[in-house]
Structure formats: structure tokens, C-alpha cells
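No hydrogens, no waters, no symmetry mates; every other heavy atom, side chains included, goes into these values. In what follows, chains are A, B, ... by sequence order, proteins preceding strands, each numbered from 1.
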Amino acid sequence: DQQVKQNSPSLSVQEGRISILNCDYTNSMFDYFLWYKKYPAEGPTFLISISSIKDKNEDGRFTVFLNKSAKHLSLHIVPSQPGDSAVYFCGASQGAQKLVFGQGTRLTINP
Amino acid sequence: KAGVTQTPRYLIKTRGQQVTLSCSPISGHRSVSWYQQTPGQGLQFLFEYFSETQRNKGNFPGRFSGRQFSNSRSEMNVSTLELGDSALYLCASSLTEGLNIQYFGAGTRLSVL
């Protein structure tokens with residue numbers, strides 16, 4: 001049972017535009033959400049997180065939005081840069097329970 | 001400070017064999033988690049170790065096992081390898097127990113022939 005889903009396997013965006021990556025979850029007990037970025041031949045690196053008591057968290061060009069009623073979170077990247085091309089994983093956890101990841105979305109930024 | 005180190009980076013085995021993967025966490029980190037990454041499945045949690053004890057376990061068969069040593073280094077073992085075990089195995093460390101922000105190694109790419 002896939003508790004965290006990233007329904008778009010890939011996304012292509014023009015450089016300078018906004019990239020929006022989406023993630024849906026089914027477990028309403030999840031209270032912490034994270035986004036990781038992964039380049040080929042490297043491990044995932046932590047990007048940004050949000051706890052369930054917030055609905056928005058911003059860090060430079062990256063903003064994560066959480067809609068608890070819809071069980072949906074999104075990552076906005078503005079403006080998108082070529083170096084943002086990578087696979088993005090969203091993850092969710094409940095307390096100290098295991099972190100559950102989505103399948104990943106491959107983002108390609110076109111010049 | 002050195003990052004998470006996984007060895008070996010690449011491994012080729014045949015069906016039925018067993019394999020051991022190694023992970024050295026960031027200095028001072030006491031929690032180590034293991035994940036399997038396959039195309040279309042994302043990152044699937046295998047298990048987490050903290051202070052040499054398994055704290056969380058994912059939905060993998062008993063052929064997958066692990067352990068953690070007193071210096072926090074961890075090993076993962078897969079016995080009786082199957083073709084479907086071919087994947088990238090990632091290790092992640094964090095400062096304390098609980099699986100929030102983790103730091104990943106580059107992974108071990110296992111190919112089972």
C-alpha cells in the first residue's frame with residue numbers, strides 16, 4: 001500500500017519559470033514532511049521540510065506547501081535553474097516511525 | 001566532516017549467493033537506516049538501527065538483515081539473492097533516533113545475474 005504518492009514520474013520546465021512538484025499521502029497521522037533531491041550516482045540530499053502545524057515553509061527559491069485537509073503537499077521552485085534538474089522525492093513520517101517516500105519525480109529544466 | 005560512506009559502490013552477484021553491504025555514518029551520528037531504490041518504487045525503507053538495536057523495520061522478507069556496531073557503523077546482509085534484489089541500496093544516518101532529516105550515502109548498486 002503506497003502511503004505517499006508522486007503521480008508525475010517526470011516534469012519538464014523552462015529555465016526561469018516555476019517548477020511545481022506534487023505529492024499526495026493517505027495517512028492522516030503523518031506529522032512531518034520532507035523533500036529530497038537526488039542527482040545520478042549520488043545519494044539523496046535533504047532540501048526542505050515542513051511540520052504538520054504549518055502550511056508553508058520557505059527557503060530561498062524553494063517553498064513547500066502543505067494542505068492537510070487534501071493530504072497534499074507541493075514543492076515550488078522559483079525561478080527554476082538548470083542545476084535543479086534531478087529526481088525529487090517527498091517523504092512523510094509519523095513521530096519516530098519510519099520515513100515513507102514517494103516514487104520520485106524526475107525534473108528537467110530546459111534552457 | 002566526512003559524509004556517509006558506503007562500500008562497495010558496485011557489486012555483481014549471482015542468484016542464490018549472499019551479499020554484505022557496509023555503511024559508515026557521519027561522525028557522531030548514531031542512527032543508521034537502509035533503503036532500497038528501484039525504478040518505479042522509489043525509496044523503500046528496510047530498517048533503522050540506533051545504539052546497535054533495530055528500531056524500525058520495513059516490509060521486506062527475512063533474507064534481508066542488518067546490524068550495527070558499537071562505533072555506529074552498520075552492515076546489511078541479503079541471503080539467497082534473487083534477480084529482483086537488483087537495486088541501489090542506500091544508507092542514511094541521522095544524529096538521533098527517529099527518522100526525520102537524514103544524510104544519505106551514494107549507495108551500493110547491486111546487480112544479481
Side-chain angles (χ1 to χ4, degrees), chain A residues 1-10 21-27 29-54 57 59 62 64 66 86-107, chain B residues 2-10 21 23-26 29-51 53-60 64 66 87-109:
Chain A
D1 105 38
Q2 194 77 29
Q3 296 188 68
V4 178
K5 290 183 183 178
Q6 293 176 256
N7 292 316
S8 298
S10 63
L21 294 98
N22 294 304
C23 181
D24 295 300
Y25 61 95
T26 57
N27 187 345
M29 300 300 290
F30 284 146
D31 56 11
Y32 197 74
F33 305 87
L34 308 91
W35 283 94
Y36 280 81
K37 177 168 77 171
K38 186 180 185 299
Y39 292 120
E42 294 182 16
T45 54
F46 170 74
L47 200 53
I48 192 168
S49 65
I50 187 167
S51 85
S52 58
I53 61 173
K54 292 186 169 185
N57 190 25
D59 184 1
F62 302 91
V64 56
L66 176 62
V87 177
Y88 289 78
F89 292 97
C90 69
S93 67
Q94 173 193 346
Q97 299 299 310
K98 64 181 182 180
L99 192 57
V100 181
F101 284 99
Q103 306 95 313
T105 296
R106 182 178 301 279
L107 175 65
Chain B
V4 177
T5 305
Q6 290 187 247
T7 56
R9 288 296 309 275
Y10 303 93
L21 312 181
C23 172
S24 294
I26 291 172
H29 284 195
R30 297 172 60 195
S31 172
V32 173
S33 299
W34 289 88
Y35 295 85
Q36 181 195 65
Q37 185 191 0
T38 53
Q41 292 295 316
L43 298 170
Q44 294 188 283
F45 174 78
L46 280 152
F47 25 67
E48 182 207 10
Y49 286 88
F50 179 80
S51 292
T53 303
Q54 188 179 90
R55 297 302 180 117
N56 281 298
K57 190 176 189 305
N59 299 324
F60 277 81
F64 292 81
L88 179 67
Y89 290 89
L90 292 158
C91 165
S93 75
S94 58
L95 203 53
T96 60
E97 188 179 7
L99 302 174
N100 291 335
I101 297 174
Q102 299 174 77
Y103 299 85
F104 283 83
T108 295
R109 171 76 60 186

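Listed here is the closest heavy atom pair of Ala106(B) and Ala41(A): CB-O, 4.0 Å.
Only the side chain of Leu90(B) comes within less than 4.5 Å of a heavy atom of chain A; its backbone N, CA, C and O stay farther away. In this structure, chain B has no heavy atom under 4.5 Å from any part of Pro9(A). Proximity to chain A is limited to the side chain of Gln37(B), based on heavy atoms less than 4.5 angstrom apart. When heavy atoms are compared at a cutoff of 4.5 Å, Arg109(B) does not approach chain A at all.
Within a 6.0 Å sphere centred on CZ of Arg9(B), heavy atoms belonging to other residues, nucleotides or ligands number more than 12. With a 6.0 Å radius and a threshold of 12 heavy atoms from other residues, nucleotides or ligands, Tyr103(B) has its OH atom at or below the threshold. Residue-environment remark: NZ (Lys57(B)) exceeds the threshold of 12 foreign heavy atoms within 6.0 Å.
Counting heavy atoms from C-beta on, the side chains of Lys38(A) and Leu88(B) come closer than 4.5 Å.
Most heavy-atom pairs under 4.5 Å with chain B, from the set Gly104(A), Gly43(A), Pro44(A): that is Pro44(A).
Interatomic distance, Leu47(A) CG to Ile101(B) CD1, rounded to the nearest 0.5 Å: 11.0 Å. Interatomic distance, OH of Tyr35(B) versus CZ of Phe89(A), reported as 11.5 Å (0.5 Å rounding).
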